[in-house]
Amino acid sequence: MNKLRKVLTGVLNILAGGSFLVMVILTCWQVFTRYVLGNPSSWSEELVSYMFAWMSLLGASIVTSERGHMNIPIFVERTGPAVQKGLNCLGEITAFLFSAIILAYGGMQITNLAMGQMTSSLGVPIGIFYIVLPLCGVLNMIYTALNIVDIIKQKEEAV
């Protein structure tokens, strides 16, 4: 299971880093065309905004893999080890349900709906850029399932 997590996280790091690199290059291109050539590139600005969304969502999946998502530890830390494990599992189950319902299911719905709309500057279906929503939903579901398995294993080791 750790091998799966490692491979997925490595791919996500490359994709998120690649998205950031593309954003930097396109932003430099946009500045060059605007101030040096005097003819701003409209398509690069649009693509940078989509790359930002991709980078953010892929980064959120990386955070999910590390169990670094938002939590309030002050309450959990005041409980016993068994309750802590239960609350940690509950947090992962909540993240799993959010990923399944909002990102995976809702993301597929909006992606399919947006396939009929074209971007203004690039001329490609907007749904192509929205595909990251269900993709990250599935990745988050995998990561939260792996996290639950890790929490349960820790529980068995502690007993």
Side-chain angles (χ1 to χ4, degrees), residues 1-27 44-119 122 124-159:
M1 297 245 210
N2 283 335
K3 186 176 182 179
L4 174 64
R5 182 188 303 266
K6 210 174 207 181
V7 168
L8 285 176
T9 304
V11 170
L12 282 176
N13 280 324
I14 290 169
L15 290 174
S19 295
F20 182 71
L21 181 62
V22 168
M23 284 174 46
V24 169
I25 291 168
L26 288 175
T27 302
S44 61
E45 182 177 353
E46 187 174 47
L47 189 55
V48 164
S49 64
Y50 290 122
M51 288 287 96
F52 180 75
W54 274 70
M55 182 188 67
S56 299
L57 285 164
L58 294 170
S61 290
I62 293 169
V63 169
T64 301
S65 78
E66 300 169 351
R67 292 192 61 220
H69 42 71
M70 190 171 66
N71 61 29
I72 304 172
I74 192 166
F75 172 72
V76 176
E77 290 172 353
R78 292 181 182 207
T79 62
V83 175
Q84 285 181 9
K85 300 292 181 181
L87 290 173
N88 287 334
C89 282
L90 180 64
E92 294 297 325
I93 290 168
T94 303
F96 182 92
L97 291 173
F98 176 84
S99 298
I101 296 167
I102 303 298
L103 291 175
Y105 177 75
M108 279 307 297
Q109 298 297 316
I110 194 73
T111 298
N112 290 333
L113 185 66
M115 282 298 184
Q117 300 173 328
M118 304 299 260
T119 60
L122 297 170
V124 297
I126 292 176
I128 297 292
F129 297 107
Y130 286 1
I131 198 80
V132 72
L133 290 167
L135 171 69
C136 286
V138 170
L139 288 169
N140 288 356
M141 290 165 56
I142 292 169
Y143 280 133
T144 54
L146 292 173
N147 291 343
I148 290 170
V149 169
D150 288 347
I151 292 168
I152 291 171
K153 281 184 180 178
Q154 289 173 355
K155 188 180 223 179
E156 291 171 355
E157 292 170 4
V159 172

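Just so it is clear, the model here is predicted, and its values are computed rather than measured. Just so you know, these numbers use all the heavy atoms, side chains as well, and skip hydrogens, waters and symmetry mates.
Here the CE atom belonging to M55 is positioned 13.0 Å from the CG atom belonging to L15, to the nearest 0.5 angstrom. Note that CD of E66 is 9.5 Å distant from OG1 of T64, once rounded to the nearest 0.5 Å. Separating the CD atom in Q154 from the CG atom in D150 is a distance of 6.5 Å, to the nearest 0.5 Å. The distance from atom CG of L57 to atom CD1 of I131, rounded to the nearest 0.5 Å, is 12.5 Å.
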I'd like a table of donor-acceptor pairs (distance under 3.5 Å, sequence neighbours excluded) in which one partner is a side-chain atom from residues 87-107, with atom names and distances.
unit_1 : atom_1 : unit_2 : atom_2 : d
N88    : ND2    : Q84    : O      : 3.2
E92    : OE1    : N147   : ND2    : 3.1
E92    : OE2    : R67    : NE     : 3.1
E92    : OE2    : H69    : NE2    : 2.9
T94    : OG1    : L90    : O      : 2.8
S99    : OG     : A95    : O      : 2.9

For residues 132-146, dump all side-chain donor-acceptor pairs below 3.5 Å to protein atoms at least two apart in sequence or in another chain.
unit_1 : atom_1 : unit_2 : atom_2 : d
N140   : OD1    : S61    : OG     : 2.8
Y143   : OH     : T9     : N      : 3.0
Y143   : OH     : T9     : OG1    : 2.9
T144   : OG1    : N140   : O      : 3.0
T144   : OG1    : M141   : O      : 3.0

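Taking every heavy atom of both residues into account, I62 and A16 meet most closely at CD1-CB, 4.3 Å. Looking at every heavy atom in both residues, S65 comes nearest to R5 through O-NH1, 2.6 Å. Shown here for W54 and F129, the closest heavy-atom pair between the two residues is NE1-O, 2.9 Å.
Tested against Y130, the residues N112, L113, T111 include a single side chain to side chain contact (heavy atoms under 4.5 Å, CB included) partner, T111.
Under the 4.5 Å side-chain criterion, counting only non-hydrogen atoms from C-beta, P125 is not in contact with Q117. Within the 4.5 Å cutoff, the side chain of M51 has no heavy atoms near those of the I25 side chain. Using a 4.5 Å heavy-atom cutoff, the side chains of I128 and M115 are in contact.
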